[in-house]
Amino acid sequence: MRELTSRRLQMIEKRLVPDFIFEISWEVCNKMGGIYTVLSTRAKTLQEQFPDKLVFVGPDLWQGKKNNLFAEDRKLLPEWKAKATACGFGVRVGRWKIPGKPIVLLVDFHRYYESRNDIYGRVWENYGVDSLHGYGDYDEANMFSLAAARVVEHFFRNELGGKGKVIYQAHEWMTCLGALYIKKYVPEMGTIFTTHATSIGRSIAGNNKPLYEYLWAYNGTQMAQELNMEAKHSLERQTAHNVDCFTTVSDVTARECAELLDKKPDVVLPNGFEADFVPSTGAEFTKHRREARARILQVANALTGAGFDDDTVIVTTSGRYEYRNKGIDVFLEAAYRTIYDSDLKQNVLMLIEVPAWMESPRSDLQERLKLGWAYTEPLSDPVITHNLHEPWNDPVLGFLRSHGMKNDSGSLVKVIFVPCYLDGNDGIFQMSYYDLLIGGDLAVFPSYYEPWGYTPLEAVAFHVPCITTSLSGFGVWANNEVGRDSKLEDGVEVLPRNDYNSQEVAEQISEAIVRYSAYGRRMVNACRRNAANLAEKALWKNFIHYYYEAYDFALRKAQERQQ
């Protein structure tokens, strides 16, 4: 064992270490989803290792508007900023208002639109990327991606003198074009492309096609043509094949990449979390939990007119609004089954916290909350907290109505749809997602397509036991850590899921909710403690070495080009 440890240490000591790191993402200072969590929670760990040698680059979407996540600093890099402005680059320099406070460059990309046809022509000539069928957000993402790469190139040449071991890490297909630009025109830099979910894999799953049983038989390019995904898939596939180091976030997605992109990732970068985002244990934690529960139950009472004591079991699901991929359909089916489970003896409040096409907070609910009374009569449509555009087209509301789930006063199970970003300014809860998450008792994420699964990791980090599936990267990791199929008593229950067993999974979730609701305080505390202990193993300090491995891999390729 000592010999193996010594060899590993020698390998680590020989790794190439970057002098400077650029990370490019559409979600820099732009809170949209899981990639934001990856970057923002990891920033402190990297900033400590590479103080102010880590620069995040994101799109400047707030010109003339306040961005609460970004603090512009005109005293930061003033000479380079002046040179960049003189060269026509629109860029703001500042810091990301997160732990670590890393440097951020927000880039204006609109001037590139007028030459996008020439840009796409060059990327076709250089790398065979087919952009003919691009639509929707394709142009916007690519113009940002190129603008980011050009700004980084300018920084490298003018601020860093074109020297040093420098990493350019691009996240998701939206930054691929820039990574290819750097590979072509700034070959001194080591390029890393991280796909957090392949665009074609997500599309196959989202179009109700069986992904896993037939994964071995799918041809990614053929499926891209069938599903009108040629442009994004072509860009992603060619980037995976041409960067110095291709990475993804889990073994689940690594297999998907090998089959659909025809490229096995060079390094797997599992997603960690940062303890700074969780209130410290003891009195502070208890205070935050009580405040969250009080607010959740207050909103539930004002909406439904039902009484909820503090023993109410609060069950949540959240994430991107992908009805099948994220298992929202299964969560709803589990709620429906729980209503009719005769073994249930406790009030259960189930929250679906996914941003939909929200129009506005409900004024009638706001009025009730302002008065602060306890209510015994429900509002009209007491299943949703905000007004939607085209509510008749919403799948969650469609399920609730077709199954007669109206939060009747006699039912022990109430289901509430929260169709907004919980950013602390939603008009109803007025608390952030994390501030509310801590108040939950159980979190359920029955995903069908989940490359990693930040939502279950976030839940256990806040001491909330959760249920997820074997199709999520986090679920597979949890099983590996526990050494068997992880159970609720371990802090995470990982349910076996495949292409066809969604009804069975829904029944197992319902049974788990009823079982958990009957636990005594000692068992509940044990589950919560084990959830927190599992989350401890996923802190960035335990996962960051995978990034160092990727840096080394990319830098060695870059060095080979210089010889």
Side-chain angles (χ1 to χ4, degrees), residues 34 37-38 40-42 44-45 98-99 250 270-293 296 310-319 351 353 422 431-445 447 450 452-469 472-495 509 512-513 515-517 519-544:
T37 309
V38 175
S40 63
T41 60
R42 177 168 42 77
K44 181 183 177 184
T45 300
I98 55 175
S250 70
N271 290 331
F273 200 69
E274 184 56 62
D276 288 26
F277 286 76
V278 184
S280 60
T281 55
E284 183 187 1
F285 187 95
T286 301
K287 175 178 176 289
H288 281 276
R289 177 166 167 77
R290 285 176 176 168
E291 290 174 350
R293 291 183 66 80
I296 291 169
D310 197 50
D311 290 331
T312 299
V313 179
I314 299 175
V315 183
T316 63
T317 194
S318 59
L351 303 177
E353 301 168 347
L422 290 168
M431 295 176 72
S432 72
Y433 175 71
Y434 287 159
D435 288 338
L436 289 170
L437 175 61
I438 196 172
D441 295 297
L442 191 62
V444 179
F445 308 100
S447 302
E450 190 68 84
W452 173 248
Y454 246 121
T455 44
L457 175 52
E458 290 168 334
V460 295
F462 281 84
H463 305 195
V464 179
C466 76
I467 301 170
T468 188
T469 74
S472 75
F474 175 79
V476 172
W477 175 82
N479 280 343
N480 289 337
E481 287 298 314
V482 174
R484 51 174 167 74
D485 289 344
S486 186
K487 300 299 182 185
L488 201 51
E489 292 74 14
D490 300 308
V492 177
E493 181 139 337
V494 182
L495 301 177
I509 292 170
I513 292 171
R515 187 172 79 245
Y516 190 82
S517 70
Y519 283 169
R521 185 178 299 276
R522 179 177 296 180
M523 179 61 80
V524 167
N525 288 339
C527 291
R528 292 176 59 83
R529 187 166 53 251
N530 288 337
N533 290 339
L534 187 62
E536 184 80 18
K537 298 179 180 180
L539 291 177
W540 276 117
K541 66 180 182 181
N542 298 321
F543 282 171
I544 200 65

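All values reported here derive from a predicted model rather than from experimental measurement.
- Residues forming a ring-ring contact (aromatic ring centres under 6.0 Å, His included) with Tyr516 (at least two apart in sequence, or on another chain): Tyr519.
- Look at Asp441 and Arg293 and you find a salt bridge, because one of the NZ, NE, NH1 or NH2 atoms lies within 4.0 Å of a carboxylate O, short of that distance.
- Under a cut-off of 6.0 angstrom, the local environment of CZ in Arg521 is sparse, with at most 12 non-hydrogen atoms contributed by other residues, nucleotides or ligands.
- A distance-only check finds a donor-acceptor pair linking the side chain of Thr317 to the backbone of Val444 [under 3.5 Å].
- In this structure, the side-chain contact (heavy atoms from CB on, under 4.5 Å) partners of Ala461, at least two apart in sequence or on a different chain, are Phe273, Val278, Ala535.
- Evaluation of the ring-ring contact (aromatic ring centres under 6.0 Å, His included) rule for Phe462 yields Tyr434 as partners, not counting sequence neighbours.
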Tabulate below the donor-acceptor pairs under 3.5 Å that side-chain atoms of residues 472-481 make, not counting sequence neighbours, or state none.
from, atom 1, to, atom 2, distance (Å)
Ser472, OG, Thr468, OG1, 3.3
Ser472, OG, Thr469, O, 3.1
Ser472, OG, Gly475, N, 2.8
Asn479, OD1, Ser486, N, 2.7
Asn480, ND2, Val476, O, 3.3

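- In this structure, the separation between OG on Ser318 and CG on Leu437 is 7.0 Å, given to the nearest 0.5 Å.
- Contact of the Leu436 side chain with the Ile296 side chain is registered, since non-hydrogen atoms from C-beta on lie closer than 4.5 Å.
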Between Tyr433 and Glu458, does a side chain to side chain contact (heavy atoms under 4.5 Å, CB included) hold up when you go through it step by step? CA-CA 10 Å; Tyr433 175 71; Glu458 290 168 334; 3.7 Å; yes
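- The shortest distance between side-chain heavy atoms of Leu351 and Val315 does not fall below 4.5 Å.
- Formation of a donor-acceptor pair under 3.5 Å by the Glu493 side chain with backbone atoms of Leu488 is found in this model.
- In the displayed structure, Arg515 atom CZ is contacted under 6.0 Å by more than 12 heavy atoms of other residues, nucleotides or ligands.
- Note that SG of Cys527 and NE2 of His463 are 13.5 Å apart. Values are rounded to the nearest 0.5 Å.
- For residues 524-537, the set of pairs meeting the side chain to side chain donor-acceptor pair (under 3.5 Å) definition, not counting sequence neighbours, is empty.
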Test log, rule side chain to side chain contact (heavy atoms under 4.5 Å, CB included), inputs Met523 and Glu489: CA-CA 8 Å; Met523 179 61 80; Glu489 292 74 14; 4.2 Å; yes
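- In plain terms, the two heavy atoms of Val38 and Trp540 that are nearest each other are O-CZ2, 3.7 Å.
- Between the side chain of Tyr454 and the backbone N or O of Gly272, at least one donor-acceptor pair lies under 3.5 Å.
- In this structure the side chain of Met431 never reaches within 4.5 angstrom of the side chain of Leu422, judged on heavy atoms.
- Expressed to the nearest 0.5 Å, how far OG1 of Thr41 lies from CG of Asn271 amounts to 7.5 Å.
- Within the model, atoms OG1 of Thr316 and CD of Glu353 stand 5.5 Å from one another, a figure rounded to the nearest 0.5 Å.
- Closest heavy-atom contact between Ile467 and Ala512: CD1-CB, 3.6 Å.
- At a threshold of 4.0 Å, the pair Glu284-Arg289 does not count as salt-bridged, since none of the basic side-chain nitrogens sits closer than that to a carboxylate oxygen.
- Interatomic distance, Ile544 CD1 to Arg42 CZ, rounded to the nearest 0.5 Å: 5.5 Å.
- Legend: residues meeting salt bridge (charged side-chain N to carboxylate O under 4.0 Å, His left out) with Asp311, ordered by chain and number and at least two apart, are absent.
- Note that CD1 of Ile438 and CZ of Phe285 are 4.0 Å apart. Values are rounded to the nearest 0.5 Å.
- Between the side chain of Ser432 and the main chain of Asp435, a donor-acceptor pair closer than 3.5 Å is present.
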Go through Arg290 and Asp310 one step at a time and tell me if the salt bridge (Lys or Arg N to Asp or Glu O under 4.0 Å) criterion holds. CA-CA 9 Å; Arg290 285 176 176 168; Asp310 197 50; over 6 Å; no
